[in-house]
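Values below: all heavy atoms of this structure, side chains included; hydrogens, waters and symmetry mates excluded. The first residue of the sequence shown is numbered 1, and numbering continues consecutively from there. Order of listing sets the numbers, starting from 1, for every ligand and every atom in it.
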Amino acid sequence: MRLVLLGAPGSGKGTQADLLKARYGCIHISTGDILRRHLKDKTELGIRAGGFMSKGELVPDDLVVEMVKEKLREDSADSFVADGFPRTLPQAEALENVLKELDRPLDAVVFLQIEEELLIRRLIHRRTCRRCGKIWNVLTMTGGTEVCPECGGELDQRGDDAESIIRNRIDVYRGQTEPLIEWYAKKGILRSIDAVNSPEETFKEIQVVLGR
Ligand code: AMP
């Protein structure tokens, strides 16, 4: 299965990608996670990308496309779920071309639909476990909000989950990523999901639209 998850920041792409990976055994390609790793390791790419990421701007297409191409070729692109990529039309075209080269077209693009106020509320309360990487929301967590309920790891708040940066990320999404919805709809592979419910309910809906 080769899937793209499309949606605004906070629509639940990362959470759904984790569930899809666990259920179908596909590789999870999160360009945000890869870039954050580069940033942490202070690689040349990380240093170049960091300035854009801290402001909520997109990292230039050529840098991100190269990173994804490498990953797809390494893993032969048999089965993956891409989250946070593509985010622009040139990225979508580059993905289409590399998948054509590999003779592995996309099966579907799942669009997670959700209104803006809910996005902001989710992102402000989002935490990530430093140890296992699981994403939590302090509003809906039970049993305390200091440590990861699953592995006991320390919870971290992303620097770009501050409200002013969140608003910029949403504006960037509207301007640069939203046009992809129509682009993929025209190709007949877009599947829209109402993503306001719990992660489990949203996951069930995704399974229904994918017919798996
Ligand atoms: P995310 O974790 O997907 O919210 O991404 C965090 C940040 O990484 C974004 O705000 C961008 O600065 C950068 N980023 C992630 N994916 C991409 C992409 N496909 N194109 C450009 N920038 C990206």
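Glu116 and Arg174 are joined by a salt bridge, as a carboxylate oxygen and a charged side-chain nitrogen come within less than 4.0 angstrom of each other. With salt bridges taken as basic N to acidic carboxylate O contacts below 4.0 Å, one links Glu163 and Arg167. Checked for salt-bridge contact, Asp33 and Arg36 meet the test: a charged N lies under 4.0 Å from a carboxylate O.
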Is there a side-chain contact (heavy atoms from CB on, under 4.5 Å) between Met1 and Leu210 once you walk through the steps? CA-CA 10 Å; Met1 180 166 58; Leu210 295 179; 3.8 Å; yes
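Side-chain contact between Met141 and Leu155 is present, with at least one heavy-atom pair separated by less than 4.5 Å.
The shortest N/O to N/O separation between Gln91 and ligand 1 falls below 3.5 Å. On a distance-only criterion, Glu57 and ligand 1 share at least one N/O pair closer than 3.5 Å. Inclusion of Pro86 in the set of residues having an N or O under 3.5 Å from an N or O of ligand 1 is not warranted.
Arg158 counts as a contact of ligand 1, since one of its heavy atoms falls under 4.0 Å from the ligand. In this structure, Lys13 has no heavy atom closer than 4.0 Å to ligand 1.
For atom 22 (N) of ligand 1, the nearest non-hydrogen atom of the protein is Val59 N, 3.0 Å. The protein heavy-atom contact nearest to atom 15 (C) of ligand 1 is Arg87 NH1, 3.3 Å.
If you check each of Leu35, Thr31, Ile165 against atom 14 (N) of ligand 1, the one with the closest non-hydrogen atom is Leu35.
The only option from Thr140, Asp161, Ile120, Leu139 that meets the side-chain contact (heavy atoms from CB on, under 4.5 Å) definition with His125 turns out to be Leu139.
Trp183 does not carry Lys186 over the face of its six-membered ring by the limits of under 6.0 Å from the centre and within 45° of the normal.
Set against the non-hydrogen atoms of Arg169, the atoms of ligand 1 under 4.0 Å away are 4 (O).
Heavy atoms of Val64 found under 4.0 angstrom from ligand 1 belong exclusively to the side chain.
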